[in-house]
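Written below as C-alpha cells is the structure these notes are about.
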Amino acid sequence: MIKKVAVIMGSDSDLDTMRPCLGRLKSFGVPFEVHIISAHRTPAAAEAFASQAKERGFGAIIAAAGKAAHLAGVLAAYTTLPVIGVPIKTSMMGGLDSLLSMVQMPKGIPVACVAVDGADNAAILAAQMLALSDETLADKLTAFKTDMAAEVEAKDKKIQMEEF
Ligand code: RP5
C-alpha cells in the first residue's frame with residue numbers, strides 16, 4: 001500500500017501557497033494529510049507529530065513555513081522520514097529569509113528544500129520518494145514527464161510559425 005505524505009504548514013496563511021502541492025498529490029493518487037503545526041507556537045505538537053509519523057504510515061513529510069522557517073528542521077530532528085521544506089515568500093527579499101532558514105541546515109539533520117513557494121515541486125519530489133517502492137506511482141511519474149516533454153515540443157513547433 002502506498003504510504004501517506006504529511007503536508008505540514010506553520011500557519012493557515014501558508015495554505016493558498018500550498019494548494020498546488022495538494023492538487024498535485026491528488027493527481028498522482030498519493031494519500032495525504034494536511035496539518036497546521038508551528039515549530040514555535042506549538043512545538044510539542046511538532047515533536048509529537050514527527051515522532052509518530054513513521055508508525056502512522058507516512059513516507060515523507062512536506063513542511064511549509066516562512067520567515068525564520070525552522071519547521072522543516074524541527075520535524076526532521078524527530079524522524080528519519082525524508083522532510084521536504086517549502087520556503088514561503090515573505091516581505092523580506094522575496095522569501096530569502098525562509099529559504100536560507102531551511103536550506104542551511106547544519107550537518108546531521110538534512111532537509112530537502114525546493115524553491116521559494118515551490119509547492120508543486122515538493123509534491124512531485126515526495127511522489128518520487130514514494131515511487132521507489134510503488135511501481136504504479138512510478139509509471140504515473142513517467143507519464144507526467146512524457147506529457148511535459150510533449151508540451152514543450154508542441155510549444156517549439158508553434159514558435160516556428162512566428163517571424164522574428
Ligand atoms: C510562519 O510564519 C508561518 O509558516 C508563516 O509563513 C509565517 C507567518 O505566520 P502567521 O503570522 O501568518 O501565522 O510560522
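Treat the numbers as computed from the prediction; the structure is a model and nothing was measured. We count residues from 1, following the sequence as given. Just follow the structure's listing: the first ligand is 1, and inside any ligand the first atom is 1. What's counted below: heavy atoms across the whole structure, side chains too, no hydrogens, waters or symmetry copies.
At least one donor-acceptor pair under 3.5 Å links the side chain of Asp117 to the backbone N or O of Lys89.
Taking the centre and axis of the six-membered ring of Phe58, the NZ or CZ atom of Lys4 falls inside the cone set by 45° and 6.0 Å.
Close approach of ligand 1 to His40 is summarised as follows: ligand atoms under 4.0 Å from at least one heavy atom of the residue are 14 (O).
The nearest heavy-atom contact from the protein to atom 11 (O) of ligand 1 is Arg41 NH2, 3.2 Å. Among all protein heavy atoms, the one lying closest to atom 10 (P) of ligand 1 is Ser11 OG, 3.4 Å.
Counting heavy atoms closer than 4.0 Å to ligand 1, residue Ser13 contributes side-chain atoms (C-beta onward) but none from N, CA, C or O.
In terms of N/O distances under 3.5 Å, ligand 1 is not approached by Lys67.
Evaluated for a side chain to side chain contact (heavy atoms under 4.5 Å, CB included) with Ile61, the options Leu75, Ile84, Val111 yield exactly one hit, Leu75.
Remark: among candidates Ala63, Gly66, Ala39, Ser101, the nearest residue to atom 2 (O) of ligand 1 is Gly66, based on non-hydrogen atoms. Checking Asp14, Val86, Ile36 against atom 6 (O) of ligand 1, the nearest heavy atom belongs to Asp14.
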Exercise for the section: Under the salt bridge (Lys or Arg N to Asp or Glu O under 4.0 Å) rule, what do Asp120 and Arg24 come out as? Steps first, then yes or no, please. Expected result: CA-CA 6 Å; Asp120 197 4; Arg24 184 65 70 189; 2.6 Å; yes
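Within the structure, the closest approach of Met9 to ligand 1 does not fall below 4.0 Å when heavy atoms are considered.
Shown here for Ala53 and Leu81, the closest heavy-atom pair between the two residues is CB-CD1, 3.7 Å.
Checked against the 6.0 Å centroid criterion, the rings of Phe144 and Phe28 qualify as a close aromatic pair.
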